[in-house]
Amino acid sequence: MTAVTIEGLALVEVREGVGPRDDAHFVTVRGAGEVGYYGPISERIGRYARDTLASVALGNDAADHRGLLIRLLAAIGTAPSETASWAVGAVDCAAWDLHGRVAAYPVADLLATGSPSPLVPAYASWLAHDLTACDDMETVRKVTADGWRFTKWGLRRGAEDCSDRAAARMTRAVERCSDAIGAPVAVDAVGTWTPPLATDFARSVDTVGLLWLEDPLPHHDLNAYALVTATRLPVAVGELTRCDEPPGPLIESVRPTALTLDVVGCGGLTRARQILELALSQNVPVYPHGRSIVPGLHLAAAFPEAAPAVEYRLQWEPWRQHLYEVPLQPEHGRIGLPSAPGLGTVPRSSTCPAPR
């Protein structure tokens, strides 16, 4: 197709029915008579994209995703903040949306070498539902019965816990949950664990009932993760990956059971596809993180052999979907790929101004 020159980049907001702390901003890019969108994101991320990256994006070909990403990364410098990484990812995804809308194809069709999957499996997560504080398994049973690929729950360490006592309590919680539903579960430490706790947990837990422990450490400390994964504990990492972090050392050192990559947080779809290809070559499956579920859905639809399922966050995603003109509706643990051109990230507000 001919070049799609980016002529404008702006920030718009959905205001109706939105709380003061809700993410409700969208980055927009304009070109070839169309507008591409990505959101919802925080106002801070959106302002960074508008104030720092707009001048870099203008004049670029929205369909030259690799070239645009190189320029965006150069603009934010070395050791970028989390905000900068997310801003790059938001602009990249808005450019993909614009590309798809001009080409009249869903983004998954642009990513895939063949035909993308029309239905993408999803797994349900509910991190506020902490298994160590839950004696009643009825909620877990109800969620599991909805047909999800599997489920993921919170498993936080208390500030007062010593490692061995916390590991024993968490082991009992995982085993009780797995027994209650008759299937293994994934758990998320939400960055609250320490290496001693992870190793104590690894020694005591029956991994038959555990799919993975996600992000037991608050940072990608490769030395600490090497100690944890040496125990053969199934570990998932990747959500914290930023646009300046090379994925090779993380995959090769940790050898994770799963890479829970955030498609926008890592720098956008362009970079996520590069990381997915590396993970595939290392036989590490990618499960796109739920905060960026829409671009993650297109990535998984385009590469089902590399991305078996996307995360659907039960606590937050239903509300976030109400910000879109056409919300995603999971059915029996699967999500249909949007058939309209682009990503499917057009905000529902009809009062959003066009970018100038």
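Keep in mind that this is a model prediction, so the values were computed, not measured.
- A search for ring pair (Phe, Tyr, Trp, His ring centres under 6.0 Å) contacts involving F303 returns nothing, not counting sequence neighbours.
- Listed by first and then second residue, the side-chain hydrogen bond (donor to acceptor under 3.5 Å, both in side chains) pairs involving residues 206-218 are K152-E214, W212-E214, E214-T260 (not counting sequence neighbours).
- Not counting sequence neighbours, R255 has no partner by the salt bridge (Lys or Arg N to Asp or Glu O under 4.0 Å) test.
- Each ring-ring contact (aromatic ring centres under 6.0 Å, His included) pair with one or both residues in residues 45-66, not counting sequence neighbours, appears once here: H65-W96, H65-H99.
- The ring pair (Phe, Tyr, Trp, His ring centres under 6.0 Å) search around Y324 returns none, not counting sequence neighbours.
- The side chain to side chain donor-acceptor pair (under 3.5 Å) check on W193 picks up nothing, with sequence neighbours excluded.
- Not counting sequence neighbours, the partners of S204 by the side chain to side chain donor-acceptor pair (under 3.5 Å) test are T171.
- For H220, there are no ring pair (Phe, Tyr, Trp, His ring centres under 6.0 Å) partners two or more places apart in sequence or in a different chain.
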N/O donor-acceptor pairs under 3.5 Å from side chains in residues 335-345, not counting sequence neighbours:
residue	atom	partner	partner atom	Å
T345	OG1	Y37	O	2.7

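- Applying the side chain to side chain contact (heavy atoms under 4.5 Å, CB included) rule to A230 yields no partners; only residues at least two apart in sequence or on another chain are considered.
- Annotation: salt bridge (Lys or Arg N to Asp or Glu O under 4.0 Å) contacts of R203 (sequence neighbours excluded): D200.
- For W316, there are no ring pair (Phe, Tyr, Trp, His ring centres under 6.0 Å) partners, not counting sequence neighbours.
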